[in-house]
Amino acid sequence: MSALPRTAPATSDGRAAYYERIGRQNMAPLWESLHALVPPHPRPKAVAALWKWNEVRPLVMQAGQLISAEEAVRRVLILENPGLPGSSSITSTLYAGLQLILPGEIAPSHRHTQSALRFIVEGQGAWTAVNGERTTMHPGDFIITPSWNWHDHGNATVEEGGEPVVWLDGLDIPLIQHLDAGFAENHSASTQAVVRPEGSSWARFGHNMAPVRHRVTDPSSPIFSYPYARTREALDALYQRGEIDAWDGVKLRYVNPATGGWPMPTMATFMQFLPKGFQGKTYRTSDATVFSVVEGHGTARIGEQQFRFEPRDVFVVPSWQPVQLASVDDAVLFSYSDRPVQAALNLLREERL
Ligand code: 1HN
C-alpha cells in the first residue's frame, strides 16, 4: 500500500450507510476522495480546444446586429472551455472572450478588481482609455487594464475611418472568483476624463528609461499598450541572430519596464516566432495557456490531439498537457497564462522533453 492512494477504497453497504449518516452532519470521509484531492500530477477538467477564426468571425459580427455595445455594456462572446461548461472559463483560473466594437460605439467606463488584457485581433479605429490616457488599438497590440483601473472603449465613426474591431479579452475572473475577491463599480460618466495626451506612458517608460524620480508604487506596468510593431521587430532581430529555442522558437515575455516583472500580477503574456518549417520539441508546464495566432499556419499537438492553426484562431493548452508546436510558414503566436501566480506561490513546474 503506497502512502498516497491512487483510487478510493472498496465500498460496502456498511460504509455507504455510514457516509450517509455523517453526511447529515456535513461531514465526509477523506479516504474516499484523498486520491482525487492530491493527484500525482495535475488532472485539469479543462481540455485542449481550438476556436477557428473563419467559423467564429461571422458569429461575432452577427452579435453586432443583435445588440449595441451600449446595451450589452461589453459585447463579447465568451470562449468557454468544453471541459468547464457553465463556468465562463477557458482554464480553471482564466477567462477569454472576443469583444466587438463597431464604428461610433462606446463601451462605458467601469472598474473591477479583475485584471484584464486585450489582444487586438482585427480592425482599425478603436481606442481604449485606462487610468486617464487613451491608446489607439492596432492588430497585434497587447494592452492591459490593471485591477481597479477605470476603463472604457470606443471606436471612430465610419467617416473618421472606424472599422468593426475585434479583440481577445483575457481576464483572471475564475481566479478572483475562487478567492471571492471581486469588486466592481460603474463610472458616473460613460467615458472617463482623459488627463494626458496619447503616448504619454510610452514616452515615459517605452524606451528603456523612466522619469528620473519615478518610484514603483504599483504592481502593474506603467506602460499599458505594447505595440505589435515593436514586439515583431524584437522577434525578428533575435531570429536574424539565430536565437532559436528548440521548444519555443524565439519566445519573449512582456515585462513591466519599471520592475522587470510581469505586466500585471496575475497574468503573464508572451509572444513567440516559429520560423517556416519549425518542428518544436515537446514540453509541458503547469500553467494552462491561451494562444492567439497572429501570423502564419501550423499545428499544435496537445496531448494526443493535433490542431491546425491559422491567423486569428484561439487555442488553449490545459495544465501539464504535452505540447508540440510546428509551423508551415513563418508563424507568430501570442499567449497568456496564470504563470505569475504559480511562480509567486512556488508552484510553477515545467518539463522540456
Ligand atoms: C470587462 O470589463 C471587459 O472592460 C471585457 O472590456 C470582458 C468580462 C467579464 C467582466 C468584465 C472590458 C469582461 C469584463
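The structure presented is a predicted model; accordingly, all values stated were derived computationally and were not measured. As the structure lists them, so they are numbered: ligands from 1, and atoms in each ligand from 1.
The protein non-hydrogen atom at the shortest distance from atom 5 (C) of ligand 1 is D169 OD2, 3.4 Å. In this structure, atom 14 (C) of ligand 1 lies nearest to the protein heavy atom L171 CD2, 3.9 Å. Looking only at protein heavy atoms, the nearest one to atom 12 (C) of ligand 1 is R74 NE, 2.8 Å.
Closest to atom 11 (C) of ligand 1 by heavy atom, among Q114, H112, Q99, H153, is H112. Residue nearest to atom 9 (C) of ligand 1, selected from V130, L98, L117, I173: I173 (by heavy-atom distance).
A donor-acceptor contact closer than 3.5 angstrom is absent between the side chains of Q272 and D248. Judged purely by distance below 3.5 Å, without hydrogens or angles, the side chains of Y228 and E295 pair a donor atom with an acceptor atom.
Residue-environment remark: CZ (R308) stays at or below the threshold of 12 foreign heavy atoms within 6.0 Å. When the shell of 6.0 Å around OH of Y19 is examined, it contains more than 12 heavy atoms from other residues, nucleotides or ligands.
The atoms of ligand 1 that sit less than 4.0 Å from any heavy atom of H110 are 1 (C), 2 (O), 4 (O).
Between E198 and R134 no salt bridge is recorded (no basic side-chain N to carboxylate O distance below 4.0 Å). Salt bridge absent: R15 and E32 never bring a charged side-chain N and a carboxylate O closer than 4.0 Å.
Ligand 1 has R118 within reach: a non-hydrogen atom of the residue lies less than 4.0 Å from it.
For a threshold of 3.5 Å applied to N or O pairs, the pair formed by H151 and ligand 1 contains at least one separation below that value.
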